[in-house]
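Here is the structure we will look at, set down as structure tokens.
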Number of protein chains: 2
Amino acid sequence: MAQNPNLVRGTLDLLILKSLTWEPLHGYAVSEWIEKVTDGSLLMEEGTLYPALHRLAEKGLVEAEWGLSENNRRAKYYSLTHAGKGYLEREAASWAAYTNAVAKALAVESPIP
Amino acid sequence: MAQNPNLVRGTLDLLILKSLTWEPLHGYAVSEWIEKVTDGSLLMEEGTLYPALHRLAEKGLVEAEWGLSENNRRAKYYSLTHAGKGYLEREAASWAAYTNAVAKALAVESPIP
DNA sequence: CACCTTCCCCTTGTAAGACAAGGGGTAACA
DNA sequence: TGTTACCCCTTGTCTTACAAGGGGAAGGTG
């Protein structure tokens, strides 16, 4: 399913990190979480998800560990690091502020206020 | 001033088109409008703005015409086409829906609802 | 006069990152 | 045995924000 790449950018990391808030999840479960929590409006390509997870690990925002899934399959579990928690909070706030500003701009009704 | 490119993506076209809602503006005025309307939180690089305007013109969403600015300078005025209006409405709605979904996802408090 | 600032336009190169389209492998079940 | 669901990954392509440059003309100031 095709998303708008320009919309996904800037929220992808946030959503991934958020999905790991409570417990470690493997990649497949992360994508399921995102799909569920957005009522199916955001379907994550695997070619998008996995590189993103690797980037986040590279930055030290998540940690990976091989394990076994509920379905008895080899799976790589990602967990939020301390740095990842902080990053999530800051970036979520910044994202909210930005989208708020844009929403206001798009709602302007008088020319050149 | 450095923005977060990942946030700008997906809102840039929207903001530009919105600025042209009432009357044709030249590029410089578009960037001023955006800066003003976002309380200075979004400063548009010229190397971002002008290519974006050209892309929008290429897609037939805006039309360009050379004119003279209030300050007596040569300036290229952009105006919204019919297609541009429609695009703005649709994409603004889609953007709002998407950011809403993300906002909800980021506000989730229970694990895996 | 020379100089500076403001206004106004543009281009090139770089880097990031979403996506399409491939790949592989294992468990469970019909 | 075949099929489906689960789970991981990579490569190449394309878009596009940004940095860093370019130029030129108007109006003011020293």
Side-chain angles (χ1 to χ4, degrees), chain A residues 1-17 19 24-36 41-59 61-62 64-78 91 98 102, chain B residues 1-16 19 24-36 38 41-59 61-62 64-78 91 98 102:
Chain A
M1 178 79 38
Q3 307 294 327
N4 181 343
N6 291 337
L7 292 184
V8 172
R9 264 173 151 103
T11 60
L12 181 55
D13 289 4
L14 251 33
L15 289 169
I16 291 175
L17 293 175
S19 76
L25 295 178
H26 51 74
Y28 196 81
V30 169
S31 77
E32 279 186 316
W33 183 86
I34 292 178
E35 184 180 346
K36 199 171 291 179
S41 72
L42 217 187
L43 302 177
M44 179 89 72
E45 302 290 333
E46 296 194 336
T48 300
L49 175 66
Y50 290 110
L53 283 168
H54 300 159
R55 278 199 306 274
L56 292 172
E58 193 84 14
K59 294 183 193 165
L61 304 177
V62 301
E65 197 179 2
W66 283 102
L68 216 55
S69 77
E70 297 166 356
N71 296 316
N72 231 29
R73 279 183 185 82
R74 192 174 134 279
K76 201 186 266 180
Y77 280 85
Y78 291 89
E91 293 304 310
Y98 182 81
V102 172
Chain B
M1 179 80 38
Q3 308 293 332
N4 180 344
N6 291 337
L7 291 185
V8 172
R9 263 172 151 102
T11 60
L12 181 54
D13 289 4
L14 252 33
L15 289 169
I16 292 175
S19 76
L25 295 177
H26 51 74
Y28 195 83
V30 169
S31 77
E32 279 185 318
W33 184 87
I34 291 177
E35 184 180 346
K36 199 171 292 178
T38 60
S41 72
L42 216 187
L43 302 177
M44 179 90 72
E45 302 291 332
E46 296 194 336
T48 300
L49 175 66
Y50 289 110
L53 284 167
H54 299 160
R55 278 199 305 273
L56 292 172
E58 193 83 16
K59 293 183 193 165
L61 303 177
V62 301
E65 198 180 0
W66 283 103
L68 217 53
S69 78
E70 297 166 358
N71 296 316
N72 231 29
R73 279 184 185 83
R74 192 174 132 279
K76 200 187 266 179
Y77 281 84
Y78 291 89
E91 293 303 310
Y98 182 81
V102 172

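Bear in mind that the values here come from a model prediction, so they are computed numbers and not experimental data. In what follows, chains carry the letters A, B, and so on, assigned in the order in which the sequence lines appear, proteins first and then strands, with residues in each chain numbered from 1.
Under 4.0 angstrom from either OP1 or OP2 of dC14(D) there lies no side-chain N or O belonging to Arg9(B). In this structure, Arg55(B) does not reach the dC14(D) phosphate: none of its side-chain N or O atoms is under 4.0 Å from OP1 or OP2.
Between the P atom of dC18(D) and the CG atom of Asn6(B) lies a distance of 10 Å, rounded to the nearest Å. Between Leu42(A) atom CG and dA18(C) atom C1' the separation is 12 Å, expressed in whole Å. Rounded to whole angstrom, the span from the CG atom of Leu49(A) across to the P atom of dA20(C) amounts to 14 Å. Summarising the geometry, the separation between CG on Leu68(A) and P on dC6(D) is reported as 15 Å, rounded to the nearest angstrom. Here the P atom of nucleotide dA17(D) and the CG atom of Leu15(B) are 11 Å apart, to the nearest Å. Between Glu45(A) atom CD and dA21(C) atom P the separation is 10 Å, expressed in whole Å. Rounding to whole angstrom units, CD1 of residue Ile34(B) and P of dA17(D) are separated by 11 Å. As rounded to whole Å, 14 Å separates atom C1' of dT6(C) from atom CD of Glu35(B).
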Open item on the list: Within the 4.0 Å limit for protein heavy atoms, which parts of nucleotides 8-13 of chain C are touched? Write it as a string from 5' to 3', B for base, S for sugar-phosphate only, - for none.
Closed with: SBBB--
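Two residues are said to be in side-chain contact when any heavy atoms from C-beta on lie closer than 4.5 Å; Glu91(B) and Leu61(B) fail this criterion. The side-chain heavy atoms of Ser69(A) and Tyr28(A), taken from C-beta on, include no pair separated by under 4.5 Å. Side-chain atoms of Leu12(B) and Asn6(A), non-hydrogen and from C-beta on, never get closer than 4.5 Å to each other. Trp66(A) places a side-chain heavy atom less than 4.5 Å from the side chain of Arg74(A).
Every residue two or more places apart in sequence or in another chain that forms a side chain to side chain contact (heavy atoms under 4.5 Å, CB included) with Thr11(B) is listed here: Tyr98(A), Val102(A), Leu15(B), Trp95(B). Every residue two or more places apart in sequence or in another chain was checked for a side chain to side chain donor-acceptor pair (under 3.5 Å) with Tyr50(A), and none qualifies.
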